Amino acid sequence: MKKMVLGWLATLACAFGFGMNFAQAAEFADRYNELEKCTWTSENGTLLYRKYSPEVKDGEKYPLVIFLHGAGERGDNNISQVAGQDAFLNLIFSEEGAKYPAFLIAPQCPNGKKWCEVDWGKADGHDTPATASYGMTLVHELLQDMKKNLPIDPNRIYVTGISMGGYGTFDFLVRYPSEIAAAIPICGGADNEKLASMPELRKVPVWIFHGGADFVVKTQRSRNAYKALQENKCDVQYTEFPGVGHGSWGPAYHTKGLADWLFSQSRAGK
């Protein structure tokens, strides 16, 4: 019966342009409970987040993955960002991802806020705001605290996000390029002029994903970002899923070799 239901859901998903394997997407649906509920507070505000910690061995340091959720998961319950959109857990819980013990944080953006305070409706690109958003400011503060107090390898910090979080991933990339080793923006948008002109970005490999039938965040946003990074002679690759709508994070996070690619990146020696 379970297989029949999953098969029906997969067919329905394809009909609406999601194009993802629901059996895969649900593979780690219950494991978000393994992510500890945490709170970061500073003079700039409060950020709720979930944290996954690997089994730590004395004297060793571990990668950190920062996951930025989409607009629909904003709130103050510290659940929605991990319970409803769990495909990203494939990066650490899949057979491939489990080869690389790592920390993971999934912050929750408050209602009414964005990871990057820009107009999502623009078809071509946007200008990076002069200051980081409320949520991004707190994420960056949290990162500094974690690097100071946890056995995190500062050369292996990665950022990824979906939709609103895809915008946030690009924003993080242009604001703090020296702090991350790789980025995976999914169905997001970027400041293409910065992507094309910042030499610092040449040290940060980027793998962009988008659905070819996305009418929520136009596919052109990722195509433009890819072209801009190419112009800058950056290490960038782009995967577009034909016929897939806005839910491209499903097939993206289940791309074979993605975890291998991500965890192989390091700023050391670059």
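Just so it is clear, the structure is predicted and the values come from calculations on it, not from any experiment.
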Going by side-chain hydrogen bond (donor to acceptor under 3.5 Å, both in side chains), name the pairs with one or both residues in residues 130-144, residues two or more places apart or in two chains.
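Applying side-chain hydrogen bond (donor to acceptor under 3.5 Å, both in side chains) to every pair that reaches into residues 130-144, excluding sequence neighbours, yields W40-E141, S42-E141, N44-E141, H140-Q144, H140-E179, Q144-K147, Q144-E179.
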
Donor-acceptor under 3.5 Å (S222 side chain, T219 main chain)
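No.
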
According to the interplanar angle, ranging from 0 to 90°, do the rings of F241 and F209 count as parallel (below 30°), tilted (30 to 60°) or perpendicular (above 60°)?
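Rings of F241 and F209: parallel, as their planes differ by under 30°.
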
For E193, I'd like to know if atom CD has over 12 heavy atoms of other residues, nucleotides or ligands within 6.0 Å.
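Not more than 12 within 6.0 Å, no.
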
What I want to find out is whether D260 reaches K99 closely enough, with some N-O distance under 4.0 Å, to be called a salt bridge.
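Counted as a salt bridge, because a side-chain N and a carboxylate O are separated by less than 4.0 Å.
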
For E95, does the CD atom sit with more than 12 other heavy atoms under 6.0 Å from it, leaving out its own atoms?
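Atom CD in E95 is not packed in, count stays at 12 or less.
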
Say whether I180 and Y49 are linked into one hydrophobic cluster, either directly or through other cluster members, by side-chain heavy-atom distances under 4.5 angstrom.
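Yes; tracing contacts between hydrophobic side chains, which count when under 4.5 Å, links both residues.
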
Cation-pi check for W120 against K114: NZ or CZ below 6.0 Å from the six-membered ring centre and within 45 degrees of the axis, yes or no?
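Geometry flag: set, cation within 6.0 Å and 45°.
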
Expected output: side-chain N90 to main-chain Y253 donor-acceptor under 3.5 Å:
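Pair found, side chain donor or acceptor close to backbone of Y253.
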
Counting N and O atoms only, with roles assigned by atom type, does the side chain of T160 sit under 3.5 Å from a partner on the main chain of I184, one being a donor and the other an acceptor?
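Yes, the answer is positive, given that a donor and an acceptor are paired below the 3.5 Å cut-off.
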
Transitively linked via ILVMFWY side-chain contacts under 4.5 Å: V65 with L258?
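Yes: a chain of side-chain contacts under 4.5 Å links V65 to L258.
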
Determine whether a donor-acceptor pair (N or O, by modelled atom type, separation under 3.5 Å) exists between the side chain of N232 and the backbone of C234.
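Not at all, since once roles are kept as given, no pair shorter than 3.5 Å links the two residues.
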
Aromatic rings F263 and Y100: how do their planes relate, parallel, tilted or perpendicular, breaks at 30° and 60°?
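Plane angle under 30°, so parallel.
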
Are the side chain of N78 and the backbone N or O of C38 linked by a donor-acceptor pair below 3.5 Å?
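Answer holds: yes.
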
